[in-house]
Number of protein chains: 2
Amino acid sequence: MAKHDPNLDLLFHALSDPTRRMMLARLAEGSAAVSELAGPTGLRLPTILRHLSVLEEAGLIATQKDGRVRSCALQPQALAPMRDWLEEQRRVWEARLDRLDDYVMNLMKERNK
Amino acid sequence: MAKHDPNLDLLFHALSDPTRRMMLARLAEGSAAVSELAGPTGLRLPTILRHLSVLEEAGLIATQKDGRVRSCALQPQALAPMRDWLEEQRRVWEARLDRLDDYVMNLMKERNK
DNA sequence: TGTATGGTTAGCAATATGGCTAAGCATGAT
DNA sequence: ATCATGCTTAGCCATATTGCTAACCATACA
């Protein structure tokens with residue numbers, strides 16, 4: 001288990017912004033140029049470029065320049081670490097729920113009030 | 001599909017910090033007081049309180065005061081929206097991969113160079 | 001009552017984030 | 001060669017984030 005996974009930091013942070021999630025949603029329909037991504041957001045190109053670099057550093061997309069247009073594509077496998085983390089949490093959290101000691105302690109506290 | 005889900009903003013942002021994930025990991029072993037959470041992190045109490053409020057606003061934990069000690073507990077169902085989002089993305093992204101048109105277009109572009 | 005303990009609030013400092021404009025660079029079309 | 005297009009860079013501004021200290025409650029305990 002990673003104690004301090006910088007990968008997860010970058011992933012979660014990249015996904016915490018609605019604009020970036022919107023861009024990912026657009027890319028889910030197919031690769032797109034930078035301007036195409038900017039269009040629906042109403043934001044300026046430099047801003048979009050910044051978001052792009054965040055997404056790219058998180059490994060969520062890959063970009064490549066073709067002539068004077070940069071084309072951006074999803075990197076679907078990038079979500080794997082997050083899925084693993086989520087699965088791990090679900091496992092542990094539910095294990096806790098099964099043991100129920102926490103729940104019972106709360107009940108008892110409530111009762112002794 | 002939520003275009004602008006503030007819930008997801010809060011969730012992802014809350015999880016993007018290693019200290020907060022560490023606190024969640026501790027809470028997975030059972031409820032804990034504020035000081036207990038602070039201990040392993042080496043951070044001061046006010047800092048921890050700030051992290052706690054981020055986690056609480058994201059719905060990831062619930063806290064309640066009992067005497068002079070505040071006890072913090074996981075809210076496991078809080079991860080559901082994130083799991084849903086992840087599932088949705090996986091579905092769409094993989095659908096894209098199945099169609100493969102993107103991949104083929106890249107190939108053709110590469111070839112025409 | 002007094003004192004230690006656990007938490008809280010206020011406020012500061014440094015850095016990061018998210019937006020912009022203005023200006024520049026490179027490529028494709030005329 | 002010129003010009004439009006698409007992206008890029010530099011730099012500014014406002015706000016948010018993450019850490020801290022110092023001072024302040026409020027509850028338990030002697």
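Hydrogens, waters and symmetry mates are skipped; everything else that's a heavy atom, side chains included, is used. Letters A, B, ... mirror the listed sequences (proteins, then strands); counts begin at 1.
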Inset, instruction - Output every pair passing ring pair (Phe, Tyr, Trp, His ring centres under 6.0 Å) with a member in residues 55-81 of chain B, not counting sequence neighbours, ordered by first then second residue. - result: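 For residues 55-81 of chain B, and leaving out neighbouring residues, there are no ring pair (Phe, Tyr, Trp, His ring centres under 6.0 Å) pairs at all.
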Inset, instruction - Keeping to residues at least two apart or across chains, list the ring pair (Phe, Tyr, Trp, His ring centres under 6.0 Å) pairs with something in residues 44-86 of chain B. - result: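 Qualifying pairs, neighbours excluded: B:Phe12-B:Trp85.
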Roughly, in whole Å, what's the span from [atom1] in [X] to [atom2] in [N]?
{"X": "B:Leu49", "N": "C:dA10", "atom1": "CG", "atom2": "C1'", "result": "13 Å"}
{"X": "A:Ile48", "N": "C:dT17", "atom1": "CD1", "atom2": "C1'", "result": "15 Å"}
{"X": "B:Asp9", "N": "D:dA16", "atom1": "CG", "atom2": "C1'", "result": "14 Å"}

Set of residues satisfying side-chain hydrogen bond (donor to acceptor under 3.5 Å, both in side chains) with respect to [X], sequence neighbours excluded:
{"X": "A:Thr41", "value": "none"}
{"X": "A:Arg50", "value": "none"}
{"X": "A:Arg90", "value": "A:Glu87, A:Glu94"}

Inset, instruction - Using the test side chain to side chain contact (heavy atoms under 4.5 Å, CB included), find all partners of B:Arg44 that sit at least two apart in sequence or belong to another chain. - result: B:Pro46, B:Thr47
Inset, instruction - With sequence neighbours left out, write down each residue that passes side chain to side chain contact (heavy atoms under 4.5 Å, CB included) with B:Leu49, or none if nothing qualifies. - result: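 Once residues adjacent in sequence are excluded, the partners of B:Leu49 under the side chain to side chain contact (heavy atoms under 4.5 Å, CB included) criterion are B:Val34, B:Leu52.
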Inset, instruction - Look only at the side chain of B:Arg26 and the backbone of B:Leu37, and say whether a donor-acceptor pair between them is shorter than 3.5 Å. - result: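 Checked: no pair found.
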Inset, instruction - Return no unless some side-chain N or O of A:His13 is found under 4.0 Å from OP1 or OP2 of D:dT17. - result: no
Inset, instruction - Using a cut-off of strictly less than 4.0 Å between a heavy atom of the residue and any atom of DNA chain D, enumerate the qualifying residues of residues 50-62 of chain B by number. - result: B:Arg50, B:His51
Inset, instruction - Spell out protein contact along nucleotides 20-30 of chain C as letters: B when the base is contacted, S when just the sugar-phosphate is, - when no protein heavy atom is under 4.0 Å; keep the 5' to 3' order. - result: BBB----BS--
